[in-house]
Amino acid sequence: MRGPHNIIRLIRTGATLERTGAMKVVLDAFDAGPLLRITFRTLVWPFQWLGYKGDVTVPPAPRALTALGPAYIKFGQVLSTRPDVVGDELAVQLRVLQDKLPPFAMRDAKAEIQRELGVSFDKLFSSFSEPVAAASLAQVHKAHLADTGEAVAVKILRPGIERAFRKDIDAFYFAARAIEILSPASRRLRPMEVITHFEGVVMGELDLRLESSAAAEFAANTEGDAGFQVPHIRWHLSSRRVMTLDWAEGTNIGINDALDAAGHDRRALATRVLQLFLNHALRDGYFHGDMHQGNLKVASNGDIIAYDFGIMGRIDEYTRRVYAEILFGFIRKDYQRVAEVHFEAGYVPSNRDVDEFARALRAVGEPIFGMDASRISMARLLSYLFEVTERFGMETRTELILLQRTMVVVEGVARSLDPHTNIWQVAKPVVEDYIKDSIGPKALLRDLTKTARILARFGPQLPRLAEDALIRLNNPPPEPKPQRRIARLSWMSLGGVLVGGAVWISNLL
């Protein structure tokens, strides 16, 4: 499908970007060359009248993407998690992207539920509200179960959203290929890979069974976390296009006046939201990748409730250990050890100078530690750290970019609750506990036990494996016989030989 028919769709997109003033912002973010800029201006400028005007009170990039519709809004959200691609300035703009769209009709919502769950709508719910939230992919209703009267949230995908997204993603691929051809400098940002990443994220979110699974895994991991709740999934009322989970009743964590009126301790909430996120990232290796105020509530008993599990981050155990030791080294200001960890993990090429790298890390850490408590930022540290490591040859890792982006969001939530939160004091006990548990003698014993358990599983096969190894050692396979050259000739090669022979004969004549 990635052909010329996408040009009309892209002209409308370009016209909207030009009309809203977002074209220059986007081209600057992608470091577009003169040829690409001239090409876009030539193609788009005469068609500005085709572009959408958008909300003039919104910054250019989110204004354009919101006007263009659901696929573009979601694309902006995904790009906001990739400052390595679009730059910090545009990423900040995209993080405030308004994900509010007109809801679809109630009759469509009810018909979708009945079609997906295969049960009459009236038998499932005794009440069903108007949409309480309408986003780019789906909308949410509050309902009560007919059999128990319990309150639940029902999330339903927009009708036809899959087909609409496939069309737009097809156009995105076409645009990415054009950008790579017209602007060789942009290839370092890997536009095609960015679109592939976006496609993977969106297609995952278009199957609500995967989001239900993510919510269930997150709930299981955090079941013992004091002061934290994850709504439970109602699996019998969930499917590919419908997800039902317990209703989260509480105060939005971003409304300080309401939190104060309810008697909540905002300083304690700020500390808890930071420590919960660090625990999820380090202890579990599975964290909520979109922990902004809109996805967090505070229950009447003070518990923090998280919901909307469309974006989740995962970090393997080895990477968690490495980055915990890096953070711990920064907390102790042991820059030499931080540098050594990077080299030991293979993050920085071994041909670089470890002492020079340690000096660069000191230049990152010391200014941050010299700030007052209200300005110390772990997110800023991670951002500077990525800049330094990139300069020393470390490749960008997508899962760590998501970690850094989420850390920025979580810090923003904590600062809004308590502007004087000392990030390092809050983080230190969590990082220290993880270090003790994962890098000390207990961790070594646990790793050896796991290794022994794996070896024990293969125990019955060890004699046969040893015997096979000895047989191969004593009876090496014969060397392959050289093939006749004519057998390796392709038809093209044979044609070349015939043509060459004909030319030689003609020369003789």
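Nothing here was measured: the structure is a model prediction, and the numbers come from that model. Start at 1 with the first residue, then count along the sequence.
- What you find for Phe309 and Ala214 is that their closest heavy atoms are O-CB, 4.0 Å.
- Using a cut-off of 4.0 Å between Lys/Arg side-chain N and Asp/Glu carboxylate O, Arg332 and Glu325 are scored as not salt-bridged.
- The residues Glu317 and Arg321 are annotated as salt-bridged, a charged nitrogen and a carboxylate oxygen being separated by less than 4.0 angstrom.
- The closest side-chain heavy-atom distance from Lys155 to Gln139 is not below 4.5 Å.
- The CD1 atom of Ile233 lies 9.5 Å from the OG atom of Ser213; values are rounded to the nearest 0.5 Å.
- Rounding to the nearest 0.5 angstrom, the gap separating the CZ atom in Phe218 from the OH atom in Tyr307 is 14.0 Å.
- For the pair Phe392/Glu356, a side-chain contact is recorded, criterion being any heavy-atom separation below 4.5 Å from C-beta on.
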Assess whether salt bridge (charged side-chain N to carboxylate O under 4.0 Å, His left out) is satisfied between Arg209 and Asp207, documenting all intermediate values. CA-CA 5 Å; Arg209 292 171 299 189; Asp207 188 343; 2.9 Å; yes
Checking salt bridge (charged side-chain N to carboxylate O under 4.0 Å, His left out) for the pair Arg314/Glu217: CA distance, chi angles, key distance, verdict? CA-CA 12 Å; Arg314 193 182 296 276; Glu217 181 179 354; 3.1 Å; yes
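- Remark: the backbone N or O of Val413 is paired with a side-chain donor or acceptor of Ser416 at under 3.5 angstrom.
- Side chain of Thr244 to main chain of Arg234: no donor-acceptor pair is present (N/O by atom type, distance under 3.5 Å, no hydrogens or angles).
- Within the 4.5 Å cutoff, no side-chain heavy atoms of Asp246 are placed close to those of Gln229.
- Minimum interatomic distance between Gly302 and Leu269 (heavy atoms only, all atoms of both residues): O-CD2, 3.8 Å.
- Taking CD of Glu199 as the start and CD1 of Ile169 as the end, the distance is 5.0 Å to the nearest 0.5 Å.
- The shortest non-hydrogen separation linking Pro429 to Gln275 is CG-NE2, 3.8 Å.
- A distance of 8.5 Å separates CG in Asp168 from CG in Leu68, rounded to the nearest 0.5 Å.
- Here the side chains of Leu137 and Ile161 are in contact, with some heavy-atom distance below 4.5 Å.
- Here the side chains of Val140 and Val154 are not in contact, with every heavy-atom distance at 4.5 Å or above.
- The aromatic rings of Phe357 and Phe343 sit perpendicular, their planes meeting at an angle over 60°, well past the 30° parallel limit.
- Counting all heavy atoms, side chain and backbone alike, Asn295 lies closest to His288 at ND2-CE1, 4.1 Å.
- Here salt bridge (charged side-chain N to carboxylate O under 4.0 Å, His left out) pairs that include residues 281-307, with residues two or more places apart or in two chains, are Asp225-Arg283, Asp290-Arg405.
- The backbone N or O of Phe330 lies less than 3.5 Å from no partner atom in the side chain of Arg337, so there is not a single donor-acceptor pair.
- In terms of heavy atoms, Gly227 sits closest to Leu276 at O-CD1, 4.4 Å.
- Between Asp437 and Asp433, the closest side-chain pair of non-hydrogen atoms is not below 4.5 Å.
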Between Tyr347 and Thr319, does a side chain to side chain contact (heavy atoms under 4.5 Å, CB included) hold up when you go through it step by step? CA-CA 10 Å; Tyr347 289 173; Thr319 303; 3.7 Å; yes
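- Between Tyr335 and Val364 the shortest side-chain heavy-atom distance does not fall below 4.5 Å.
- Within a 6.0 Å radius of NZ in Lys142, other residues, nucleotides and ligands contribute more than 12 heavy atoms.
- Separation of atoms CG (Asn279) and CZ (Phe287) is listed at 13.5 Å; rounding is to 0.5 Å.
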Show, in sequence, the C-alpha distance, side-chain angles and deciding distance for Glu340 and His342, and conclude whether the side-chain hydrogen bond (donor to acceptor under 3.5 Å, both in side chains) test is met. CA-CA 5 Å; Glu340 290 169 356; His342 277 84; over 6 Å; no
Dump the intermediate steps for side chain to side chain contact (heavy atoms under 4.5 Å, CB included) on Thr421 and Glu411, then the final yes or no. CA-CA 9 Å; Thr421 298; Glu411 280 191 3; over 6 Å; no
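- Glu116 places no side-chain N or O within 3.5 Å of a backbone atom of Ser239 that could act as its donor or acceptor partner.
- A donor-acceptor pair under 3.5 Å is formed between the side chain of Arg320 and the backbone N or O of Leu282.
- For Ile315 against Leu403, the heavy-atom pair with the smallest separation is CD1-CD2, 4.0 Å.
- Gln336 CD to Arg359 CZ: the interatomic distance, rounded to the nearest 0.5 Å, is 9.5 Å.
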Going through the distances and angles, do Val132 and Trp247 end up as a side chain to side chain contact (heavy atoms under 4.5 Å, CB included)? CA-CA 12 Å; Val132 296; Trp247 179 259; 4.1 Å; yes
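- The aromatic ring centroids of His280 and Phe228 lie less than 6.0 Å from each other.
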Taking it one step at a time, do Ile304 and Arg272 satisfy side chain to side chain contact (heavy atoms under 4.5 Å, CB included)? CA-CA 8 Å; Ile304 294 174; Arg272 194 187 318 150; 3.9 Å; yes
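- Checked against the 6.0 Å centroid threshold, Phe172 and Tyr72 count as a close aromatic pair.
- In this structure, the side chains of Asp418 and Arg266 stay at 4.5 Å or more apart for every pair of heavy atoms.
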